[in-house]
2 protein chains.
Amino acid sequence: MPTIHDVAKKAGVAPITVSRVINNSGYVSEKVRNRVNQAVDELGYVPNILARSLKSKRTNTIALVFTDITNPFFNFMARGVEDSASDAGYNVIFCNTDESSDQESKYVKLLLQKQVDGILLVPADTRSNSIQLIQDQKTPLVVIDRCVSNKNVDIVRGDSEGGAYLLTKHLIDLGHRRITLFSGPEAVSTSQDRVKGYKRAMENHGLSKFVDCYYGKFSRQSGIDLTKSIFSKENSPKPTAIFAANNLISVGILAELRNLGIKVPQDVAVCSFDGIPENLTVIPFLTNVAQPAYKMGQKATEILISRIKEKPEPSTDFEEIIFPVELTIRESSGGKIG
Amino acid sequence: MPTIHDVAKKAGVAPITVSRVINNSGYVSEKVRNRVNQAVDELGYVPNILARSLKSKRTNTIALVFTDITNPFFNFMARGVEDSASDAGYNVIFCNTDESSDQESKYVKLLLQKQVDGILLVPADTRSNSIQLIQDQKTPLVVIDRCVSNKNVDIVRGDSEGGAYLLTKHLIDLGHRRITLFSGPEAVSTSQDRVKGYKRAMENHGLSKFVDCYYGKFSRQSGIDLTKSIFSKENSPKPTAIFAANNLISVGILAELRNLGIKVPQDVAVCSFDGIPENLTVIPFLTNVAQPAYKMGQKATEILISRIKEKPEPSTDFEEIIFPVELTIRESSGGKIG
DNA sequence: CTGTTAGCGCTTTCAA
DNA sequence: TTGAAAGCGCTAACAG
């Protein structure tokens with residue numbers, strides 16, 4: 001492949017002149033410019049940005065390290081990230097960790113070696129050591145979706161606690177007492193926060209003794225398993241409402257309840273943190289509080305890129321942006337029959 | 001940030017020796033190795049892979065240029081790509097084109113400049129000029145999901161024609177005559193192939209005069225719009241079955257039919273090319289033929305990486321791998337009440 | 001307006 | 001087993 005030297009030779013100029021033409025920087029006469037452009041076309045020259053990056057220490061590439069692109073919430077978040085990054089001239093490397101800290105740190109190490117300009121991280125663990133790795137390299141970092149013990153990071157997340165409170169209160173207002181929560185992995189802050197919000201709502205309404213919650217996974221299967229186990233217990237009172245800590249869990253719950261012949265919302269009310277993507281729903285049915293996943297991705301990327309730009313003088317005051325959630329009441333909770 | 005020189009100085013060796021330790025290449029005595037490793041740790045040295053890439057001409061990064069990560073089909077395909085790439089030590093840059101050739105070629109140009117080792121492309125257009133750009137750079141390329149006019153490329157795709165035939169025949173076997181097809185964008189090969197399969201099935205069964213198909217978009221909204229327009233036509237016979245050329249279209253159809261008070265499958269049968277992801281379905285309802293999206297992503301990535309590895313001697317015989325589709329009959333077509 | 005020099009951080013010769 | 005020199009392709013900094 002031709003290099004800047006080949007173009008220079010062909011156009012009868014110095015490489016730096018070609019560089020100036022390509023980058024539209026500095027002064028180049030019309031005449032020379034044309035000659036260079038012609039040489040570029042004839043040779044089919046494509047600049048090697050790697051070489052530029054080696055000098056400039058900028059790759060214009062960022063990375064999104066998260067759990068799973070297949071999860072609708074992260075899926076839309078990822079799209080927000082890519083759109084925002086692309087607008088600003090950055091490419092995005094996607095990395096799926098499946099909630100594994102090992103995977104996460106493997107990815108992070110490689111990304112740092114690749115000199116990505118910044119990293120968006122959904123940490124698998126509250127005390128993710130990846131954060132330290134990234135900060136040691138002075139690589140800009142924005143944590144998305146979750147809290148971490150290290151407070152010296154920018155964070156963009158949804159209001160898990162508040163959302164869980166809202167949803168639980170909605171069920172309580174409908175007259176439910178025995179409300180069971182199926183949460184996600186115990187090590188994940190969103191799981192914990194949703195439990196907190198749920199408990200707070202129960203306690204505030206004198207329902208402490210009905211608190212009943214379980215950690216599991218953020219998956220459909222987890223919803224199925226937990227539902228099975230709850231409804232197969234002999235001699236124990238059954239919940240009249242179930243609160244799923246994410247959308248995949250709620251799908252599992254609904255599927256398994258149907259399987260067991262238990263009617264929603266007549267026999268059990270169901271509601272969920274985060275809903276089913278609109279472009280995949282025929283009949284909106286699920287009462288839920290939803291986080292603006294796409295916007296969260298956008299916002300996090302904007303912050304990251306601004307950090308990248310101010311890099312020589314890194315700021316020391318970090319932002320924690322908490323997006324409000326939105327409650328949508330539908331048939332599944334029996335709150336409104338639509 | 002420390003460089004290989006800093007480490008070398010600290011360990012009292014030459015940079016090349018450090019390089020050998022890091023890459024586990026060549027001979028280094030235990031003693032020196034330990035000294036180097038210690039220096040690496042103390043300095044928190046992270047190798048700059050960019051510099052390596054500049055010499056080796058390998059970035060270990062590939063790109064996936066496709067329409068939209070938000071579409072479930074591509075979503076799962078993307079996961080297959082990332083898993084496969086990651087296993088082989090590659091990172092993946094994701095680019096969403098939204099079916100725009102302009103976007104596509106912008107991305108491709110940038111990616112080539114970034115020296116990605118290979119590109120996976122879902123071309124927005126049958127005669128994508130991006131393909132030429134990529135091949136001019138001798139960058140390995142695998143086209144996914146779609147056919148292109150240029151035959152000198154590796155292609156991994158599903159059997160759109162065969163699948164459409166199968167689904168149409170299923171409807172015909174159930175006794176339908178007035179079967180309408182809502183397809184995707186006319187410029188996209190999968191839209192065309194699904195139309196072809198549909199027409200072939202209709203013609204083979206003496207139903208040429210009932211052929212009735214429309215191009216639109218691969219979106220939920222397109223399904224809604226087409227349904228509205230079909231059912232609002234005065235004095236024209238209504239279809240007894242609708243075939244959606246993808247899952248998003250089918251969701252729009254089902255939503256709009258419900259809106260219009262038209263019952264599925266009693267009043268109209270509905271079926272679809274590609275289904276709704278299992279982890280998001282409560283009640284499996286939609287009769288569909290599905291492509292193995294995840295596996296297609298994996299396979300395409302494997303081929304791409306093998307091309308990358310054989311790069312100095314590029315092969316000249318190209319593969320076209322056509323994945324078979326799987327028909328699942330469910331309630332929406334009335335073929336089986338489940 | 002254009003060119004020379006030097007160097008980004010690493011690794012492939014080739015030599016010791 | 002270790003190192004010196006040269007260069008990957010590009011671009012600041014400084015001359016002219």
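Values in this document were obtained by computation on a predicted structure and should not be read as measured data.
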Original post:
Hey, does the side chain of B/Y27 come within less than 4.0 Å of D/dG3's phosphate (OP1/OP2), counting only N and O?
Top reply: no

Original post:
For C/dC8, does either OP1 or OP2 sit under 4.0 Å from a side-chain N or O belonging to B/N48?
Top reply: no

Original post:
Okay, side chain of B/S19, backbone of B/T17: is any donor-acceptor separation there less than 3.5 Å?
Top reply: no

Subject >> Short side-chain N/O contact to C/dT11 OP1/OP2 from B/S19, under 4.0 Å >> reply: yes

Original post:
Which nucleotide sits closest to the side chain of A/K55: D/dG7, C/dG7, C/dG3?
Top reply: C/dG7

Original post:
Whole-Å distance between D/dC10 C1' and A/N23 CG?
Top reply: 9 Å

**OP:** Identify which nucleotide among D/dG9, C/dC10, C/dT2 has an atom closest to any side-chain atom of B/Y45, counting heavy atoms from C-beta outward.
**Re:** C/dC10

**OP:** Identify which nucleotide among D/dT2, C/dG3, C/dC10 has an atom closest to any side-chain atom of B/V32, counting heavy atoms from C-beta outward.
**Re:** D/dT2

Subject >> Length of the CZ-P vector between A/R35 and C/dT2, whole Å >> reply: 8 Å

Subject >> Note: A/E99-A/K217 ion pair, threshold 4.0 Å (strictly below) >> reply: no

Subject >> Intermediate values then yes/no, side chain to side chain contact (heavy atoms under 4.5 Å, CB included), B/V122 and B/V143 >> reply: CA-CA 6 Å; B/V122 176; B/V143 167; over 6 Å; no

**OP:** Using whole Å, report how far CD1 of B/I4 lies from P of C/dG7.
**Re:** 18 Å

Original post:
For the pair made of CD1 in A/I22 and P in D/dT11, what is the distance, rounded to whole Å?
Top reply: 6 Å

Original post:
Is B/T17 near enough to D/dG3 that one of its side-chain N or O atoms lies under 4.0 angstrom from OP1 or OP2?
Top reply: yes

Original post:
Between the side chains of B/N34 and B/Q38, is a donor N or O closer than 3.5 angstrom to an acceptor N or O?
Top reply: no

Original post:
Can you check the B/D6 CG to C/dC8 C1' distance for me, whole Å?
Top reply: 13 Å

**OP:** Name the residue closer to the 5' end of DNA chain C, choosing between B/S56 and B/M1 according to the nucleotide with the nearest heavy atom.
**Re:** B/M1

Original post:
Is A/S53 near enough to C/dC8 that one of its side-chain N or O atoms lies under 4.0 angstrom from OP1 or OP2?
Top reply: no

**OP:** Assign each of A/I16 and A/L50 to its nearest nucleotide of DNA chain D by heavy atoms, then name whichever residue's nucleotide is nearer the 5' end.
**Re:** A/L50

Original post:
B/A51 side chain: which of C/dG3, D/dC10, C/dG9 is closest?
Top reply: C/dG9

**OP:** Using heavy atoms to find the nearest nucleotide of DNA chain D for B/R20 and B/K57 separately, return the residue whose nucleotide is more 5′.
**Re:** B/R20

Original post:
Which whole-number value in Å describes the distance from A/R58 CZ to D/dT11 P?
Top reply: 16 Å

Original post:
Within this structure, what is the NZ-to-C1' distance between A/K114 and C/dC10, rounded to whole angstrom?
Top reply: 16 Å

**OP:** Without swapping roles, check the side chain of A/T59 against the backbone of A/Q115 for a donor-acceptor pair under 3.5 Å.
**Re:** yes

Original post:
Once you round it to whole Å, what is the distance between C1' of C/dC8 and CD1 of B/I49?
Top reply: 16 Å

